[in-house]
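Quick note: residue numbers are just sequence positions, from 1. Whatever order the structure lists them in is the order used to number ligands and atoms, beginning at 1.
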Amino acid sequence: MYNKKVLDLIVYPENVGKIENADGRGLAGDPGCGDHLEITLRVENQIIQDVRFRVQGCGGAIASSSMTTILAKGKPVMEAYLITKEDIVNALGGLPSEKIHCSVLGEQALKKAILDYAKKYNTKSSLKKD
Ligand code: FES
């Protein structure tokens, strides 16, 4: 059902946890299945230096959430904001069709975390932390 890459991330997920006093925090939930995800960010010079996740959900949600953090880490915030669920699924090498929706959590929580960061540090102009 899951490919090897997905199974590896389910068993050994990367970037699990929560950043205390995070620069950005985003929550997303799937009302359809009740699963939910929290992503926290540490940003320096507009680059995502660290990103962590905590998820309650299925294997697809664990792998998708972990891949979201892998894709976002080290990227400029504006670039990370453009990460889509399709990017996440492609980076995983695909998900079973009934698990595609699990990747939505990653995209939504990451976008919310970046918007939270922008709200905290971006008063008027670009996404800039002073
Ligand atoms: Fe709900 Fe996977 S079944 S996120």
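- The closest protein non-hydrogen atom to atom 1 (Fe) of ligand 1 is Cys33 SG, 2.1 Å.
- Asp35 contributes atom OD2 as its closest N/O/S atom to atom 1 (Fe) of ligand 1.
- Interface atoms of ligand 1 facing Lys99, defined by a heavy-atom separation under 4.0 Å, are 3 (S).
- When all heavy atoms of Leu105 and Leu37 are compared, the closest pair comes out as O-CD2, 3.4 Å.
- Rounding to the nearest 0.5 Å gives a distance of 9.0 Å between CG of Leu110 and OG1 of Thr69.
- Contact between Glu98 and ligand 1 is absent, with no heavy atom of the residue lying under 4.0 Å from the ligand.
- Atom 2 (Fe) of ligand 1 has an N, O or S atom of Cys58 inside 2.8 Å of it.
- In summary, the atoms of ligand 1 found under 4.0 Å from a heavy atom of Ala61, numbered by their order in the structure, are 4 (S).
- With hydrogens and angles ignored, the 3.5 Å screen pairs a side-chain donor or acceptor of Thr68 with a backbone N or O of Ser64.
- Lys111 contributes a side-chain N or O that, together with a main-chain N or O of Ile83, makes up a donor-acceptor pair within less than 3.5 Å.
- Atoms of ligand 1 lying under 4.0 Å from at least one heavy atom of Cys102, given by number and element, are 2 (Fe), 3 (S), 4 (S).
- In terms of heavy atoms, Gly59 sits closest to Tyr2 at C-OH, 3.7 Å.
- A salt bridge links Lys4 and Asp8; the closest N-O separation between the charged side-chain nitrogens and carboxylate oxygens is under 4.0 Å.
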